[in-house]
Amino acid sequence: MQKEKILVIGASGQIGVELTLTLRKLYGNANVVASDLREENDLLKGTGPYVSLDIMNKEMLHVQVIRQNITQIYLLAAILSATGEKNPNLAWNLNMQGLLNVLDIAKEEQIHKVYWPSSIAVFGPTSPKANCPQHTIIEPTTVYGISKYAGEFWCNYYNHRYGVDVRSLRYPGLISYKSSPGGGTTDYSIEMFHEAMEEKRYECYLGEDTYLPMMYMPDAIRATIELMEAPAEKISVRTSYNLSSMSFSPKQLAAEIKTFIPEFKIEYKPDYRQAIADSWPQSIDDTVARSDWGWKPEYDLKKMTADMMENLK
Ligand SMILES: NC(=O)c1ccc[n+]([C@@H]2O[C@H](COP(=O)([O-])OP(=O)(O)OC[C@H]3O[C@@H](n4cnc5c(N)ncnc54)[C@H](O)[C@@H]3O)[C@@H](O)[C@H]2O)c1
């Protein structure tokens, strides 16, 4: 059997760092090539190969794929929801063209597997707010959501038309302590932890009762690996799978943090990100991921908060 050689694009980002480190443990350091437009994240230094790569430069990407004998690609480079609303053209161009470049090269070079994350941002104000199902009304109102939904259908198209084995998850807001978040609407949760530890106070840019689907990074990484390692015949969804573990509001997170830091104070000053958050569902039904490839989350709000506090000490 041919040895797998993996390229992670966007490896210096919030997910990329932790996913690269996990893939290196599983496949061997030398078999996971990290790449990004920005410099190598400190946590990756010395753990395996790194190349500087712009996903918009298709030729450069193609050369790297051939030169490094790449057999799998994880594409994480994107402009996220809050940053996307500030520069819609850039978000659309990068999120779409980046994906199309990877899918084309995967088709041409017969890459074994491609991973590309979507987001709960595909859902819009007309989608069900509670337990939003896999198949439902999807009318996104942010450029990020539009690009993710279009991307899902490109993945589906390349799978059905050209047999590219591309797999995808609709991540909720991701909470982590290792690398900093990259401009999403749910970044407040990570900021709240840091500010609570350092300043004992936090000004939240979402209203106290803004209830959103969230997930702790270890669960997101495990879901990604489990999806990618599942036999192809178990993957019935070739757009992107709903994925869920917990939902909470800023008020609920603050109350949980206060059990560790009783003097912590929070104020709420909603800004432009409130409208983005209000357009999304409050909770997600991930029954299809559970039944197709056995997804099961491990962390709830309490367990995640305890682990974050322990690691941020
Ligand atoms: N973090 C979340 O909460 C979340 C939730 C849902 C979906 N996602 C998706 O997961 C993926 C990764 O998200 P993240 O949070 O790690 O984002 P991030 O912003 O932290 O990381 C993205 C990385 O891509 C790199 N990048 C940007 N433009 C590039 C280019 N032209 N060429 C090469 N690299 C480039 C950036 O330098 C950055 O290191 C994205 O597709 C995002 O939409 C993230």
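Both ligands and their constituent atoms are indexed starting at 1 by order of listing.
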Identify, with sequence neighbours excluded, every residue that meets side-chain hydrogen bond (donor to acceptor under 3.5 Å, both in side chains) alongside Ser189. none

Verify whether one side chain among Thr47 and Arg24 offers a donor that lies under 3.5 Å from an acceptor in the other. yes

Among all residues two or more places apart in sequence or in another chain, which pass the ring pair (Phe, Tyr, Trp, His ring centres under 6.0 Å) test with Tyr216? Tyr299

Glu226/Arg222 ion pair, N-O < 4.0 Å: yes

Would you please name every residue forming a side-chain hydrogen bond (donor to acceptor under 3.5 Å, both in side chains) with Glu267, sequence neighbours left out? none

Salt-bridge present (Asp271, Arg273; N to O < 4.0 Å): yes

Would you please write out the protein residues whose heavy atoms approach any atom of ligand 1 to under 4.0 angstrom, listed by chain and number? Gly10, Ser12, Gly13, Gln14, Ile15, Asp36, Leu37, Arg38, Leu53, Asp54, Ile55, Leu76, Ala77, Ala78, Leu80, Leu94, Pro117, Ser118, Ser119, Tyr144, Lys148, Tyr171, Pro172, Gly173, Leu174, Gly182

